[in-house]
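Note sheet for the following structure.
None of these values were measured; they are calculated from a predicted model.
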Amino acid sequence: MKNLFDIKDKVIVLTGGCGILGRNIANYLAEQGAKIVVLDRVEEAGRELEAELNQKSEALFLVTDVLNKEVLEENKKTILERFGTIDVLLNAAGGNMPGATIAPDKTVLDLDVDAFRKVVDLNLFGTVLPTMVFVDVMAKNKKGAIVNFCSESALRPLTRVVGYGSAKAAIGNYTRYMATELATKFSPELRVNAIVPGFLLTNQNRALLTNPDGSYTDRAKTIIAHTPCGRFAEPEELFGTIHYLISDASSFVTGALSVVDGGFDAFSI
């Protein structure tokens, strides 16, 4: 019987691959035999990751700018020269910045609109542009899988992270739109889904969730109190969902927002 979860030799492009989540995801997929293309702006970390991944499978690192279509087109040219195709796109590039976040002693009237715009650009257009550039390869193949990275803040507006939450909510809508667009105009085997992680201790939110001594902030304690599983997620707890969404096991799944949050979104009182 066919192994529906087999992703051996699939060419997977991963944006934002040098972050905590990206590195872990890339290593897991390489261990499954996939060929990994890491796109990131940090060259030194990217070269180190490339060497690490090449011990497990074939890997390539390319410096990119997810907000620059010309750079992405050059990336695509290099990928096709090396691997000949693209099977999967993981849009993991994203992030937040202090100006787009409302501090406890501030209100929305203090919002830095330029920072808000930058956060929307990075998260939303940093997903839209790579999709536009790389999806044509999958369209020609009549098959492919795209997984966007959404957020719990897209499902339930969280205090403070107004810019990030707005951008991720837009990604949720964009994911569903593209699922229909690509399936009806190119191929029903061209699928677009999103993973919706709960709370992890990444570099991005560590200052919000931990004190200098490593103890949890009041915000962190509130999150855990509203998470039925009673803790933060670990990066490896996203692997199974990503693996499923890029494999033939999910061949009839498109336009889905796959929540991995320990029950946070289900919590009521």
Side-chain angles (χ1 to χ4, degrees), residues 16 19-21 66-67 91-128 131 146-180 192-211 216-235 237-238 241-242 245 255-269:
I20 290 177
L21 288 182
V66 292
L67 298 179
N91 281 311
N96 200 1
M97 60 178 56
T101 300
I102 308 299
D105 60 340
K106 302 291 183 181
T107 75
V108 71
L109 301 180
D110 302 299
L111 180 67
D112 183 337
V113 175
D114 287 337
F116 191 114
R117 185 176 291 110
K118 288 178 181 177
V119 168
V120 171
D121 282 349
L122 175 58
N123 290 279
L124 178 56
F125 289 98
T127 294
V128 171
T131 300
I146 298 172
V147 178
N148 297 326
F149 279 61
C150 204
S151 166
E152 191 69 49
S153 60
L155 305 181
R156 301 178 66 181
L158 307 177
T159 59
R160 302 186 62 178
V161 290
V162 58
Y164 186 76
S166 298
K168 291 299 188 180
I171 288 175
N173 185 281
Y174 175 71
T175 297
R176 288 171 164 165
Y177 172 83
M178 289 296 288
T180 298
V192 188
N193 294 290
I195 186 169
V196 186
F199 297 88
L200 300 100
L201 279 176
T202 61
N203 292 335
Q204 174 181 304
N205 61 16
R206 192 173 297 276
L208 286 172
L209 301 179
T210 60
N211 296 308
Y216 286 158
T217 62
D218 289 341
R219 185 178 181 84
K221 293 175 183 176
T222 300
I223 290 169
I224 292 175
H226 288 75
T227 301
C229 284
R231 59 179 174 83
F232 292 121
E234 298 295 337
E237 291 177 305
L238 304 183
T241 299
I242 292 170
L245 291 174
L257 305 183
S258 295
V259 180
V260 187
D261 70 350
F264 183 91
D265 190 51
F267 185 89
S268 177
I269 188 170

- Query: Are any non-hydrogen side-chain atoms of L257 and R176 less than 4.5 angstrom apart?
  - Reply: yes
- Task: Using atom types as modelled and distance alone, determine if a side-chain donor or acceptor of R231 lies under 3.5 Å from a backbone N or O of G262.
- Result: no
- Taking atom types as modelled, find out whether N148 and T175 have a side-chain donor-acceptor pair closer than 3.5 angstrom. yes
- How long is the gap from CD1 on I195 to CG on L245, to the nearest 0.5 Å? 7.0 Å
- Query: Could you state the interatomic distance from OG1 (T131) to OH (Y174), rounded to the nearest 0.5 Å?
  - Reply: 4.0 Å
- Item | Heavy-atom closest contact (C150 atom, A194 atom, distance) | CB-CB, 4.3 Å
- Query: Is any side-chain heavy atom of M178 closer than 4.5 Å to a side-chain heavy atom of I146?
  - Reply: no
- Pair D121 + K118, salt bridge at N-O below 4.0 Å: no
- Task: Of all the heavy-atom pairs spanning G95 and V119, show the shortest one and how long it is.
- Result: O-CG1, 3.8 Å
- Please indicate whether Y177 has more than 12 foreign heavy atoms, meaning atoms of other residues, nucleotides or ligands, lying under 6.0 Å from its OH. no
- The reported gap from OH in Y164 to CG in L158 (rounded to nearest 0.5 angstrom) is 10.0 Å
- Message: Restricting to non-hydrogen atoms, name the atom on P235 and the atom on I20 that form the minimum distance, rounded to 0.1 Å.
- Response: CG-CG2, 4.2 Å
- Item | Distance, nearest 0.5 Å, that separates CD1 of I171 from OG of S151 | 9.0 Å
- Is there a donor-acceptor contact under 3.5 Å from the side chain of N211 to the main chain of Y216? yes
- Task: Could I get the full list of salt bridge (Lys or Arg N to Asp or Glu O under 4.0 Å) partners for R156, not counting sequence neighbours?
- Result: none
- Side chains of L111 and I102: closer than 4.5 Å at any heavy-atom pair? yes
- Does the side chain to side chain contact (heavy atoms under 4.5 Å, CB included) test come out yes or no for R219 and T159, once each step is laid out? CA-CA 10 Å; R219 185 178 181 84; T159 59; 2.9 Å; yes
- Task: Using the test ring-ring contact (aromatic ring centres under 6.0 Å, His included), find all partners of F125 that sit at least two apart in sequence or belong to another chain.
- Result: none
- V196 versus D261: any side-chain heavy-atom pair under 4.5 Å? no
- Query: Got a sec, which residues hit ring-ring contact (aromatic ring centres under 6.0 Å, His included) with F264, two or more places apart in sequence or on another chain?
  - Reply: F199
- Query: With a 4.5 Å limit on heavy-atom distance, are the side chains of V260 and P197 in contact?
  - Reply: no
- Do side-chain atoms of N193 reach the backbone of G255 as a donor and acceptor pair under 3.5 angstrom? yes
- Query: Taking all non-hydrogen atoms of both residues, which atom of S153 and which atom of G165 are closest, and how far apart?
  - Reply: OG-CA, 3.5 Å
- Under 3.5 Å: donor-acceptor pair, side chain of D110, backbone of T107: yes
- Close side-chain approach of L122 to V66, heavy-atom, < 4.5 Å: yes
- Task: Kindly indicate, with the supporting measurements, whether the criterion side chain to side chain contact (heavy atoms under 4.5 Å, CB included) is fulfilled by N123 and N96.
- Result: CA-CA 8 Å; N123 290 279; N96 200 1; over 6 Å; no
- Report yes if some heavy atom in the side chain of F267 is under 4.5 Å from a heavy atom in the side chain of T227; otherwise report no. no
